[in-house]
Amino acid sequence: MSNSFAGSTPDSLSPVAQDLTRFNTLGLVSRADAFVTLDVPAQLPALSALARQAPSLLVLGGGSNLVLPERVPGLVARVAFKGVRLLEAGPQAWLVEAAGGENWHGFVSECVAQGWDGLENLALIPGTVGAAPVQNIGAYGVELEERFHSLTAWDVRQARYVEMSAADCRFSYRDSAFKHDEPGRWIIVSVRFSLPRPWRPVLGYPDLQRHERLAGGAPSARDVFDAVCDIRRAKLPDPAVTGNAGSFFKNPIVPADQRDELAARFPGLVSYAQADGRYKLAAGWLIDQCGWKGQALGAAGVHDRQALVLVNRGGATAADIMGLARAVQDAVIERYGVRLEPEPVVV
Ligand code: EPU
């Protein structure tokens with residue numbers, strides 16, 4: 001894979017009007033008045049200059065965690081920086097760096113092919129490398145923060161590069177400092193991952209324990225990668241076919257007494273103990289039990305194999321998706337007294 005971290009020349013940026021429907025995985029009908037693509041980091045000073053004149057800046061990665069309105073005001077910048085490289089093959093860890101615009105799954109595939117193992121549980125998550133720390137992506141027993149080393153971000157406001165450690169990013173479940181700072185402040189230019197050696201598979205998640213590929217003992221990272229891809233393909237809609245943004249809600253975390261009371265009233269309740277004594281509830285189960293799985297409101301639907309995923313049934317707008325989201329939230333509050341919080345960023 002080519003490397004574009006260095007050696008590019010500064011460039012100017014000329015915003016154009018752009019249809020954003022294919023730039024968001026929900027496929028919501030959306031338009032930007034002023035859109036630029038960032039191909040190389042050398043364009044970042046020009047971006048800061050443009051952003052100073054604009055009422056707002058929206059940063060787009062793969063658009064897999066966004067609910068876009070029909071018209072996005074202000075400036076929209078799509079991050080397309082490319083490059084993957086091994087920085088260090090240490091005795092304790094591989095240190096691998098990827099540019100923010102790299103496709104996440106492509107990067108994970110490349111790591112597995114190179115023998116830089118440790119990201120395979122995160123296979124097939126839609127989106128870019130730069131978006132991954134923003135929501136601290138996680139799946140099948142691994143969260144990004146467990147493999148994160150550091151990142152380089154561009155501070156759009158102050159027009160300078162900043163190096164950030166895991167502590168600076170303030171990761172928690174599907175959350176980071178980037179979700180709380182002013183929107184459009186940061187462009188994630190590159191992310192470094194520390195992949196522990198020797199590699200040990202993470203197989204604790206129930207779906208993995210049940211998977212036939214992993215039943216024989218001593219699986220390779222490639223086996224885990226293939227199993228995760230199988231499981232995701234069976235449950236989750238492919239955004240290239242059916243618009244979706246992955247899980248639309250976070251799994252709610254509740255105090256132990258609330259979980260005990262709910263488990264007494266609803267015996268099948270799915271919950272996971274957290275390190276701090278609280279419990280994470282399976283939002284997909286709550287929605288499913290409310291009867292919303294496979295149901296629709298106009299062009300927006302609840303996926304028929306995983307109720308946590310909302311889908312675009314064709315031509316949906318943000319209003320359609322948010323209308324369905326509210327109906328689902330209301331049903332879950334009414335039955336369980338638990339508030340579901342949307343996971344994607346609603347612009
Ligand atoms: N469940 C149902 N009905 C449903 C969906 C789920 O009963 O329609 C039950 C399942 O049977 C299971 C439990 O709920 O007992 C949990 O379901 P699942 O294993 O599918 O995982 P999840 O908690 O719904 C989370 C992540 C996913 C990630 C999977 C696997 C969040 C918000 N979602 O889903 O992440 O792939 O675990 O680790 O934490 C994403 O964030 O976009 C995403 C897809």
Side-chain angles (χ1 to χ4, degrees), residues 24-26 61-67 104-105 108 119-128 131-146 171-176 179 202-211 224-225 227-239 242-254 259 262-263 266-274 279-295 301-311 321 325 328-329 331-332 335-336 338-345:
N24 73 99
T25 63
L26 261 166
S64 61
N65 206 42
L66 276 181
V67 179
W104 174 262
H105 178 69
V108 173
L119 294 173
E120 54 286 338
N121 294 55
L122 304 176
L124 269 190
I125 296 182
T128 57
V134 175
Q135 55 157 331
N136 185 22
I137 58 171
Y140 304 102
V142 175
E143 287 189 327
L144 174 123
E145 65 176 302
E146 298 165 64
F171 293 121
S172 62
Y173 169 60
R174 290 298 193 278
D175 200 23
S176 73
K179 275 196 165 182
V202 178
L203 303 172
Y205 201 86
D207 283 351
L208 291 179
Q209 285 181 352
R210 283 192 289 264
H211 199 279
V224 178
F225 176 89
V228 168
C229 290
D230 284 353
I231 296 165
R232 292 187 72 99
R233 288 197 177 106
K235 266 194 193 179
L236 299 169
D238 177 355
T242 307
N244 77 91
S247 302
F248 197 88
F249 299 103
K250 293 186 196 183
N251 285 325
I253 299 175
V254 300
R259 178 260 172 199
L262 284 169
F266 304 99
L269 186 84
V270 183
S271 65
Y272 312 92
Q274 302 297 289
Y279 282 82
K280 193 187 269 181
L281 306 182
W285 186 88
L286 300 174
I287 298 167
D288 194 348
Q289 295 294 308
C290 288
W292 271 101
K293 192 176 190 164
Q295 300 299 307
V302 178
H303 187 51
D304 56 3
R305 275 169 287 154
Q306 176 26 308
L308 200 46
V309 177
L310 301 191
V311 296
I321 289 286
V328 167
Q329 283 171 316
V332 170
R335 190 172 160 113
Y336 297 100
V338 174
R339 195 187 141 69
L340 297 183
E341 200 189 314
E343 210 250 300
V345 175

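When a ligand or atom number is given, it counts from 1 through the structure's own listing order. Model, not experiment: these values are computed from the prediction.
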So if I apply the side chain to side chain contact (heavy atoms under 4.5 Å, CB included) rule between Pro344 and each of Asn24, Val67, Thr25, Leu66, which one comes out positive? Val67
Mutual orientation of the aromatic rings belonging to Tyr140 and Tyr205 [parallel < 30°, tilted 30-60°, perpendicular > 60°]: perpendicular
Any atom of ligand 1 sitting under 4.0 Å from a heavy atom of Arg174? yes
Protein residue, atom and distance nearest to [atom], heavy-atom basis:
atom                    : answer
atom 25 (C) of ligand 1 : Asn251 ND2, 4.1 Å
atom 7 (O) of ligand 1  : Trp285 CD1, 3.3 Å
atom 37 (O) of ligand 1 : Tyr205 OH, 3.4 Å
atom 24 (O) of ligand 1 : Gln306 NE2, 2.9 Å
atom 42 (O) of ligand 1 : Ser247 N, 2.7 Å

Enumerate the atoms of ligand 1 whose separation from the nearest heavy atom of [X] is less than 4.0 angstrom.
X      : value
Asp288 : 2 (C), 3 (N), 4 (C), 7 (O), 8 (O)
Gly246 : 42 (O)
Ala307 : 4 (C), 5 (C), 8 (O)
Lys293 : 3 (N), 4 (C), 8 (O)
Arg232 : 36 (O), 44 (C)
Ala139 : 36 (O), 38 (O)
Tyr272 : 13 (C), 16 (C)

Is there at least one protein heavy-atom neighbour under 4.0 Å from atom 15 (O) of ligand 1? yes
Sub-4.0 Å protein heavy atom near atom 10 (C) of ligand 1: no
Contact check, side chains of [X] and [Y], non-hydrogen atoms, under 4.5 Å:
X      : Y      : result
Ser172 : Asn136 : no
Leu144 : Trp104 : yes
Glu120 : Val142 : no
Val134 : Asn65  : no

Do you know the tightest heavy-atom contact between [X] and [Y]?
X      : Y      : result
Leu122 : Ile137 : CD2-O, 4.5 Å
Ala234 : Arg305 : O-NH1, 2.7 Å
Ile253 : Tyr173 : CD1-CD2, 4.1 Å

Take Asp230 and His211, measure what side chain to side chain donor-acceptor pair (under 3.5 Å) needs, and give me the verdict at the end. CA-CA 9 Å; Asp230 284 353; His211 199 279; 3.1 Å; yes
Is there a nitrogen or oxygen of Lys235 sitting under 3.5 Å from a nitrogen or oxygen of ligand 1? yes
Do Ala245 and ligand 1 have an N or O pair less than 3.5 Å apart? no
Using a heavy-atom cut-off of under 4.0 Å, does the side chain or the backbone of Ala282 touch ligand 1, or both, or neither? side chain
Kindly identify the option in Leu308, Asp304, Leu124, Asn244 whose heavy atom sits closest to atom 34 (O) of ligand 1. Leu308
Relative to atom 31 (C) of ligand 1, which among Tyr140, Phe248, Tyr173, Phe249 owns the nearest non-hydrogen atom? Tyr173
Taking Arg233 for its side chain and Asp238 for its backbone only, find out whether a donor-acceptor pair lies under 3.5 Å. no
side-chain contact (heavy atoms from CB on, under 4.5 Å) for Leu269 and Leu286? Distances and angles first, verdict last. CA-CA 8 Å; Leu269 186 84; Leu286 300 174; 4.1 Å; yes
